[in-house]
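Letters go in sequence order (proteins before strands), and every chain restarts at 1.
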Amino acid sequence: LNRSSECKRELFLTLLLPLQRSLEVYCRRMLRNPSQVEDVLQSAVMEAFARFDRYVEGTNFRAWMFRFVTLEIFNRNRKKEPALFRDCPEEIAAVQRPEDLPEDAVAGLLEDPSRVLEHLEDQVVEALWQLTTSERAVLLLRAIAEFSYHEMHEILSIPLGSVIGYLSRARLKMRRSLTAYAAQRGLFRRTEEPRQ
Amino acid sequence: MNCNEVRQHWMLYLDSEGDPELHLRIRNHLGGCAVCARWFAEQQRLEQEIGKCLSTGVLTPELWNRVGSKATVPPGIRARRGKWPLLTTLGATAAVLLALVIFFQLEGRSPSTDLTRNAADLHGQWLRGNVRPDFVSSSDQEVDRYFKTSVPFKVHCPPRTDVDFQVQGAGVFFMKDRHQAAYIVGHVGKAPVSIVVLDRASLDGLPTDRFDRCREGDFLVVSKVIAENVVVVIGSASPEVLERLLNAYGTYPEG
């Protein structure tokens, strides 16, 4: 692509603009050290811009950009979380089902999720950190940027089956953690108790 | 589809993934099964609420102003930081450079450069399938012809007879936004190897006739100025193989 530097820069920034919020939120949720957010975004954007000549216009810029940010995050988190996307064993690739959790345990959460979750803002973040990096990445890519399974497979360079496995596992772990937090804080509606 | 089978695919259905036939069958079941319909609605609502919590967050415009201005400006004219951070950075850089020079002198190797880093990165991307050659061919002559129309400088593809290099494809990319580079990918034996070729004139101040060898991650990189080209050979093959391929490059007659 033979563009002048200024045109190239303008096009890059134009494409980047609508992604800024989701990239920033993703970065904040993924990083163990929140003070690194700006550094990570800067390095990732710099790297993407340096390779912008290899980006084909009209293709998936959003996924392309998230890949740079994800790789940069993995580099930063690597010391604390060395095990990243190893070959996915079959049990990980297997889809976890909601029935795998005791029904009565999540019943309260399913009954009125918005009411329960509005009291658990910090716990949602805490629950996120109970997940492995791979689980956290797929869950956030889906929740924040609504990427399809195929896009996540490309962003993370992992098999499609692993994406599905990690996502189902992450969702169930989140439910389990949130149910426990909600129960601890007495957020579930109790059945009629005899009044004295 | 019974209730159990339908619930087995709950995630694909909620995420609008999987094939249309599956969705149709699930929809049909939900149309006639109030229990499952309620179950799915509950799951969907919960996932939406969790998703909403996770995706909440505001944009920090100042942060993006800084990111945008620093990350998309050529290094030479990047905004200067404060005096002390700059001095500290310079000091640290000098120390690292000194250590590297000592290390590489002891090792008999030269420090890696942007050129070798970019070349090794390209090779890694190709191995991972993220980069596909613009031109796919197993014929060195076809690749030669491709380059005649693709780059403004001469590029040769090593023929198999020389060093058993089996070409698979070729392409063109830009290094550091400026330097147009040609690349050739292929194998020597079973080892994947990439050759990156630049126009010598495009690299100011590059020492001539200098042979470099360095390691970039998992790959060994050898490079040399050959005639009007800068040639970089990257791979996980033995150093001897890579050097033989590099040296062979210089033996081709002008096309």
Judged by modelled atom types alone, do B:Thr60 and A:Glu24 share a side-chain donor-acceptor pair under 3.5 Å?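 There is such a pair between these side chains.
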
Can a side-chain donor-acceptor contact be found between A:Glu126 and A:Tyr181 if the only test is distance below 3.5 angstrom?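 A:Glu126 and A:Tyr181 do have a side-chain donor-acceptor pair below 3.5 Å.
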
Part of [X] within contact of chain B (heavy atom distance under 4.5 Å):
X: A:Leu41; value: both
X: A:Leu17; value: neither
X: A:Tyr149; value: both

Ion pair present between A:Arg76 and A:Glu72, side-chain N to carboxylate O less than 4.0 angstrom?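 Yes, this pair counts.
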
Taking NZ, NE, NH1 and NH2 as the nitrogens, is one of them in B:Arg38 or B:Glu42 under 4.0 Å from a carboxylate oxygen of the other?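 Salt bridge: yes.
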
Check each atom of B:Gln125 against the heavy atoms of chain A and say whether the ones under 4.5 Å are side chain, backbone, both or neither. side chain

Could you tell me whether A:Arg62 sits above the aromatic face of A:Phe147, with NZ or CZ closer than 6.0 angstrom to the six-membered ring centre and within 45 degrees of the axis? yes

Please confirm whether A:Lys8 makes a cation-pi placement over A:Phe49, using NZ or CZ under 6.0 Å from the six-membered ring centre and within 45° of the ring normal.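 Yes.
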
Heavy atoms only, distances under 4.5 angstrom: which of A:Arg142, A:Arg67, A:Glu146, A:Glu47 has the most pairs with chain B? Name it, please.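 When all of A:Arg142, A:Arg67, A:Glu146, A:Glu47 are compared, A:Arg142 has the most.
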
Among B:Val58, B:Thr56, B:Val172, which residue has the highest count of heavy-atom pairs closer than 4.5 Å to chain A? B:Thr56

Look at B:Asp15, B:Leu12, B:Asp121 and state which one has the largest set of heavy-atom pairs under 4.5 Å with chain A.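 Looking at each of B:Asp15, B:Leu12, B:Asp121 in turn, B:Asp15 comes out on top.
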
